[in-house]
**Student:** 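Structure incoming, see below.
Computed from a prediction, not measured in an experiment: that's the story for all the values here. We name chains A, B, ... by the order of the sequence lines, and we start the count at 1 in each one.
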2 protein chains.
Amino acid sequence: MVTIKDVAKHARVSVATVSRVLNNNGYVGAETRKKVMTAIEELNYSPNEVARSLYKRGSRLIGLLLPDITNPFFPQLARGVEDEAGRHGFRVLLGNSDEDIEKEMDYIQTFVQNNVVGMITATNHVDYDMYQSLDLPLVLLDRTSSSYPAVYADGREGGRLAAETLIKKGAQRVTLVKGPAHVKPAVDRYRGAVEVLGEADVDFSVMSTTSYAFEEALNWAEELFKKFPETDGIIASNDIVGIAIIHEALKRGKNIPEELQIIGYDDIPQSRLSYPPLTTIRQPAYEMGRRAAELLIQRIGQPQQEHRSIQMPVELIERHTTRKDDQE
Amino acid sequence: MVTIKDVAKHARVSVATVSRVLNNNGYVGAETRKKVMTAIEELNYSPNEVARSLYKRGSRLIGLLLPDITNPFFPQLARGVEDEAGRHGFRVLLGNSDEDIEKEMDYIQTFVQNNVVGMITATNHVDYDMYQSLDLPLVLLDRTSSSYPAVYADGREGGRLAAETLIKKGAQRVTLVKGPAHVKPAVDRYRGAVEVLGEADVDFSVMSTTSYAFEEALNWAEELFKKFPETDGIIASNDIVGIAIIHEALKRGKNIPEELQIIGYDDIPQSRLSYPPLTTIRQPAYEMGRRAAELLIQRIGQPQQEHRSIQMPVELIERHTTRKDDQE
DNA sequence: TTGAAAGCGCTACCAG
DNA sequence: CTGGTAGCGCTTTCAA
């Protein structure tokens, strides 16, 4: 390993000087700078971030805690964060919490142990001590809190939009699939939908589910048709279960969208690939991740500043699991 | 921040002693140990990994470089790595290369700058200087090399299996979709398929594609049917394009699998959700990631040991885009 | 404009 | 069994 000392020796200056050119601060003579630069080149030196981090009490790492990147919504958030962070010279330490508080705490500890300069988290537990006692710039992603800045999409509005769409397009007996109760955004969108459905002139029923896992999605879909065979409009808890519902509906010979309309949530990349392509409520996942990183980095710069949250708009993406026009 | 010094003071011992109990080495009296333990508890102390890493010249971090976690195959690898690593007290620093050599080099630099103890990479460029001069335990994942241990699935065999399946099931005019030329596993499976197709008594054509991106998958599918409208058996370059092909086929009113059979590659979670559910060649992605981490950690323990690669079996997952039996 | 040296938090060696 | 201390690679005073 080549160290700053080697560079100093090679350039016949002190380590202090090398450090100064490295960090571009303090006075350095033009001559000297050049000498150092070439030494760096020749030795192919790159500074040890760990040593740097130790002294500065802060690395160039940011901690990112997500429920599960195996769920296609999250990789997009992650890429948004990573790309924006990278643009500012930061890298990400990734953790999957599986919505498990133990794992979450473990990761948080890891993050602080590694001197991350800030952290982005999609947690339902900001109120825990772990977070309270955290002395780090923090931004929530895909979650909200009054105590921290957050970047999230308007779930309530998304739920409303989904319901309104289905109603406008003539669904009469809608089934609302309720996501896991402990996942905040899931309940937001559920409430939004109920809000609209409750006021509207349609029958509706609710089916509760407890996970977003791929393996179970088909079971939920099956259960749904068993319980509500007469439904003609389904609001899925997310695109995964939306796609599973298409699958099951087709299997049962239902005509989509004539007989049965389906609307998903998230707009994960594969939703346009389903057949028929899934109508859905889009959350701008990549952009959300990007903004979260942006916000965090801002706060790293000026930690005192009063915090600001960003609510991203949701958007109806009309594809072919809903009808073209209002028709009964 | 509470440091080892604080703990020492609190427990009325020296930092050396605290360090010893922390690391469970050297002699420590039972009494003393207890005192230290309680001090640690009371102060809620956890050691600074950065300082530790600086001294030891090695962190508890492993670098993971993947092409793009936005492609559903990779999050599974990533989770496998992460979970296994976590089990051994390691965490992962994640980088997406986008198959871009620049980004790749950047991340490698970051990894060494942060003292990672080892690295797992899905690269096509092990032969580059960057890797050659790397003095770190390294294992390849989803890629091969003669110079490093690797965990990969048998692409050649997978390609063969796909082709054999289609032939056995009576396809007469098969179309082989060739993945991006610079992605090694893609060409392996392509070759395997050609091997079998060339020997068999069927017509076949090849269609080249240059990416796996979701956005383009539908375009490839469309192009395919334009160029080869008569095909009755398609070997997709991966499940994403397989699913896109189902989409396009259905849109064109083709009967699957009677008129047209399709076989994918990877067995990503969403493949069973398509309709009809996609027959595919499974790569045990999660397990591959897990094994790669296992291998790496082994090598971290004993770096000298001669290296061993692990070839994972591929497996035909018969779902409903291929026919039940051999029938013409 | 430069260099010497202290110190970031921790580990490991050496004395006692 | 325990403590003192050097030193990991770097940054940043402070003096020169």
**Student:** Under the ring-ring contact (aromatic ring centres under 6.0 Å, His included) test, which residues partner A:His125, sequence neighbours left out?
**Tutor:** A:Tyr128
**Student:** In whole angstrom, give the distance that lies between atom CG of B:Asp6 and atom P of C:dC8.
**Tutor:** 11 Å
**Student:** What is the bend of the helix from C:dT1-D:dA16 to C:dG16-D:dC1 when you compare the axis at one end with the axis at the other, using five pairs each and rounding to 10°?
**Tutor:** 50°
**Student:** If we ignore angles and hydrogens, is there a donor and acceptor under 3.5 Å between the side chains of B:Arg60 and A:Gln113?
**Tutor:** no
**Student:** Please give me the minimum heavy-atom distance between A:Leu66 and A:Ala78, naming the atom from each residue.
**Tutor:** CD2-CB, 3.9 Å
**Student:** Expressed as a whole number of angstroms, how long is the span from B:Tyr27:OH to C:dA15:C1'?
**Tutor:** 16 Å
**Student:** Kindly indicate whether the side chain of B:Met312, heavy atoms from C-beta on, has any atom under 4.5 Å from the side chain of B:Tyr152.
**Tutor:** no
**Student:** Tell me the interatomic distance from B:Arg12, atom CZ, to D:dG3, atom C1', rounded to whole angstroms.
**Tutor:** 16 Å
**Student:** Ion pair present between B:Glu294 and B:Arg290, side-chain N to carboxylate O less than 4.0 angstrom?
**Tutor:** yes
**Student:** Output one letter per nucleotide in nucleotides 8-16 of chain D: B when a protein non-hydrogen atom lies under 4.0 Å from the base, S when only the sugar-phosphate is that close, - when neither is.
**Tutor:** BBSBB----
**Student:** Salt-bridged, A:Asp68 to A:Lys103, with N to O below 4.0 Å?
**Tutor:** no
**Student:** Can you tell me which residue among B:Lys184, B:Glu104, B:Arg143 is in a side chain to side chain donor-acceptor pair (under 3.5 Å) with B:Thr123?
**Tutor:** B:Glu104
**Student:** Considering all heavy atoms of both residues, which atom of B:Gln283 and which atom of B:Phe73 are nearest to each other, and what is their separation?
**Tutor:** NE2-CZ, 3.7 Å
